**Student:** 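One structure, as structure tokens, below. Some questions next.
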Amino acid sequence: MVHADLMTRPLYLQLRDALAERVASGEWKPGASIPNEFDLAREYEVSVGTIRKALDIMESERIVSRKQGRGTFIIDQTSDELSVRFSNVCDASGARFPGEAEVIDVSEGLADQQECVRLRIRSHEAVYRIRGVRRHEDWPYMVEQVSMPAVLFPNLLRINGFPHDISALAQAHGLLLGKAEERISVCPAPPDVAETLRVAPASPLIVLDRVMMTIDGRRIEWRVGQCNLGANHYLAQFN
């Protein structure tokens, strides 16, 4: 049963949290159907309308997919459709692509000042740092530096072959991705980055500074990518 507390959060949001936890914990697997609204209403002792409101939010967050006459299904966060939703780099046809990631270096250390600010963690907390290159059709277009709170991914460095897809990584650790915030600026290419991206030193590069969050607001990844987009482009959409 979910209890409404007028001093905290509305009942439908508490219910959404409870349902999302069943997804994150693995109780409800990707692709599986969940109980119908009437059964969930009985289980949680709430109205069908409250259940429906909670599921509406989960659908907007791309946690579930509701199919008329068939039911409600858990979305696989690692699917091709969702893996590109945080990538705003598009090819000439307008299709988004995340690029193929090559990990160059992975390390662990205590958070520096910038990481503390961007990830909202303290200086004594550990972070993983991943340096890599993204390619599209064998063309290097981005050099990126990624920082992630180590506490969210225990024993990650012991895994053979560091996973670079944040969607797969989050799902494997019982985390559901929420929103992302991205800052865009321009900088001259440092010599090492210029060499990797096959441009002249000091050439202007687009800098994409993105923070990824879980649905409960925890900052899961800070990524800074220096980009030479060439014939491709960055697409910003406003609803």
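Being a predicted model, the structure only gives us computed values, none of them experimental. Only heavy atoms go into these numbers, but all of them, side chains included; no hydrogens, no water, no symmetry mates.
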**Student:** Quick check on Arg66: does its CZ atom have over 12 non-hydrogen neighbours (other residues, nucleotides or ligands) under 6.0 Å away?
**Tutor:** yes
**Student:** Return yes when atom CD of Gln114 has more than 12 non-hydrogen atoms of other residues, nucleotides or ligands closer than 6.0 Å, and no otherwise.
**Tutor:**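 Atom CD in Gln114 is not packed in, count stays at 12 or less.
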**Student:** Could you go through the side-chain hydrogen bond (donor to acceptor under 3.5 Å, both in side chains) check for Glu115 and Ser147 one step at a time?
**Tutor:** CA-CA 7 Å; Glu115 289 166 331; Ser147 299; 2.7 Å; yes
**Student:** Taking the basic N atoms (NZ, or NE/NH1/NH2) and the acidic carboxylate oxygens, is any pair closer than 4.0 Å for Arg134 and Glu100?
**Tutor:** no
**Student:** Give a yes or no on whether Ile104 and Val146 share a hydrophobic cluster (residues Ile, Leu, Val, Met, Phe, Trp, Tyr; joining criterion: side-chain heavy atoms under 4.5 Å apart).
**Tutor:** no
**Student:** Taking all non-hydrogen atoms of both residues, which atom of Ala20 and which atom of Ile215 are closest, and how far apart?
**Tutor:**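 Reported closest heavy-atom pair: CB-CD1, 3.7 Å.
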**Student:** Does Ser33 reach the main-chain N or O of Gly71 with its side chain, forming a donor-acceptor pair under 3.5 Å?
**Tutor:** no
**Student:** If we ignore hydrogens and angles and just use 3.5 Å, is the side chain of Glu144 paired with the main-chain N or O of Ile130 as donor and acceptor?
**Tutor:**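 Flag not set: sc Glu144 to bb Ile130 has no pair under 3.5 Å.
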**Student:** Would you compute the distance between atom CG of Leu15 and atom CG of Leu19 and round it to the nearest 0.5 angstrom?
**Tutor:** 4.5 Å
**Student:** Should Phe73 and Val64 be marked as a side-chain contact (heavy atoms from CB on, under 4.5 Å) after you check the CA-CA gap, both sets of side-chain angles, and the distance that decides it?
**Tutor:** CA-CA 5 Å; Phe73 298 83; Val64 300; over 6 Å; no
**Student:** Taking all atoms of both residues into account, what is the closest heavy-atom pair of Pro204 and Val186, and its distance?
**Tutor:** CB-CG1, 4.0 Å
**Student:** With heavy-atom distances below 4.5 Å as the criterion, would you say the side chains of Met148 and Val127 are in contact?
**Tutor:** no
**Student:** Any chain of hydrophobic side-chain contacts (each under 4.5 Å) joining Val224 to Ile121?
**Tutor:** yes
**Student:** Is the shortest heavy-atom distance from the side chain of Leu152 to the side chain of Arg218 under 4.5 Å?
**Tutor:** yes
**Student:** Which heavy atom of Ala111 sits nearest to which heavy atom of Cys116, and what is that distance?
**Tutor:**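 That would be CB-SG, 3.8 Å.
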**Student:** Are any of the side-chain heavy atoms of Val89 and Phe97 separated by less than 4.5 Å?
**Tutor:** yes
**Student:** What I'd like to find out is whether the side chain of Met142 reaches to under 4.5 Å of the side chain of Arg135, using heavy atoms alone.
**Tutor:** no
**Student:** Can you find a pair of side-chain heavy atoms, one from Leu13 and one from Ile57, that are under 4.5 Å apart?
**Tutor:**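 Sidechains of Ile57 and Leu13: in contact.
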**Student:** Apply side-chain contact (heavy atoms from CB on, under 4.5 Å) to Leu175 and Ile220, showing your working.
**Tutor:** CA-CA 9 Å; Leu175 300 165; Ile220 191 175; 3.7 Å; yes
**Student:** Within the structure provided, determine whether Met212 and Phe86 are in side-chain contact (heavy-atom separation under 4.5 Å).
**Tutor:**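 Met212 reaches Phe86 side chain to side chain.
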**Student:** Determine, stepwise, if the pair Cys227 / Leu205 fulfils side-chain contact (heavy atoms from CB on, under 4.5 Å).
**Tutor:** CA-CA 5 Å; Cys227 311; Leu205 298 178; 5.9 Å; no
**Student:** Within a reach of under 6.0 Å around CZ of Arg129, are more than 12 heavy atoms found that belong to other residues, nucleotides or ligands?
**Tutor:**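 Enclosed.
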**Student:** Between Leu40 and Ile34, is a side-chain contact (heavy atoms from CB on, under 4.5 Å) present by the stated rule, with each step listed?
**Tutor:** CA-CA 9 Å; Leu40 288 173; Ile34 68 174; 4.2 Å; yes
**Student:** Within a reach of under 6.0 Å around CD of Glu125, are more than 12 heavy atoms found that belong to other residues, nucleotides or ligands?
**Tutor:** yes
**Student:** Can you tell me how far apart CZ (Arg183) and CZ (Arg118) are? Round to the nearest 0.5 Å.
**Tutor:** 3.5 Å
**Student:** Name all residues meeting the side chain to side chain contact (heavy atoms under 4.5 Å, CB included) criterion together with Asn88; count only those two or more places apart in sequence or in a different chain, and write none if there are none.
**Tutor:** Arg96, Glu182, Tyr234
**Student:** Looking only at non-hydrogen atoms, find the nearest pair between Ser87 and Pro98 and report the distance.
**Tutor:**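 So the two residues come closest at OG-CA, 3.9 Å.
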**Student:** Using the rule that Ile, Leu, Val, Met, Phe, Trp and Tyr join whenever any side-chain heavy atoms are under 4.5 Å apart, tell me whether Val211 and Leu208 fall into a single cluster.
**Tutor:**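 In one cluster: no.
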**Student:** Using a strict 4.0 Å threshold on nitrogen-to-oxygen distance, state whether Glu61 and Arg16 make a salt bridge.
**Tutor:** yes
**Student:** Which pair of heavy atoms, one from Arg219 and one from Leu119, lies closest together, and at what distance?
**Tutor:** CB-O, 3.6 Å
**Student:** Go through the structure and list residues passing side chain to side chain contact (heavy atoms under 4.5 Å, CB included) with Asp192, not counting sequence neighbours.
**Tutor:** Pro190
**Student:** Measure the spacing between OH of Tyr141 and OG1 of Thr196 and express it to the nearest 0.5 Å.
**Tutor:** 14.5 Å
**Student:** Do the charged groups of Asp209 and Arg223 touch, with an N to O distance under 4.0 Å?
**Tutor:** no
**Student:** Rounded to the nearest 0.5 Å, how far apart are OH of Tyr44 and CG of Asp39?
**Tutor:** 12.0 Å
**Student:** Could you note down all residue pairs passing salt bridge (charged side-chain N to carboxylate O under 4.0 Å, His left out) where residues 17-27 supplies at least one of them, sequence neighbours left out?
**Tutor:**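 Passing the test, one end in residues 17-27: Arg9-Asp17, Arg22-Glu27, Arg22-Glu43.
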**Student:** Shortest non-hydrogen contact from Ala189 to Ala200?
**Tutor:**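 Here Ala189 and Ala200 meet closest at CB-O, 4.3 Å.
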**Student:** Strictly distance-based, threshold 3.5 Å: is any side-chain N or O of Glu102 a donor or acceptor partner for the main-chain N or O of Gly132?
**Tutor:** no
**Student:** Quick one, Pro149 and Trp222 - any side-chain contact, counting heavy atoms below 4.5 Å?
**Tutor:**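 Counting from C-beta outward, Pro149 and Trp222 never come under 4.5 Å.
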**Student:** Indicate yes or no for a side-chain donor-acceptor contact from His233 to the backbone of Leu229 under 3.5 Å, with no hydrogens or angles considered.
**Tutor:**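 Not a single qualifying donor-acceptor pair exists.
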**Student:** Do Leu169 and Val151 share a hydrophobic cluster, counting only Ile, Leu, Val, Met, Phe, Trp and Tyr and linking them when any side-chain heavy atoms are less than 4.5 Å apart?
**Tutor:**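 Same hydrophobic cluster.
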**Student:** How long is the straight-line distance from CG of Asp216 back to CG of Leu176, given to the nearest 0.5 Å?
**Tutor:** 8.5 Å
**Student:** Within the 4.5 Å heavy-atom criterion, are Ser65 and Ile75 side-chain neighbours or not?
**Tutor:**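 Touching, per the 4.5 Å side-chain cut-off.
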**Student:** What is the distance from atom OH of Tyr12 to atom CG of Leu55, rounded to the nearest 0.5 Å?
**Tutor:**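 Taking OH in Tyr12 and CG in Leu55, the distance rounds to 13.5 Å.
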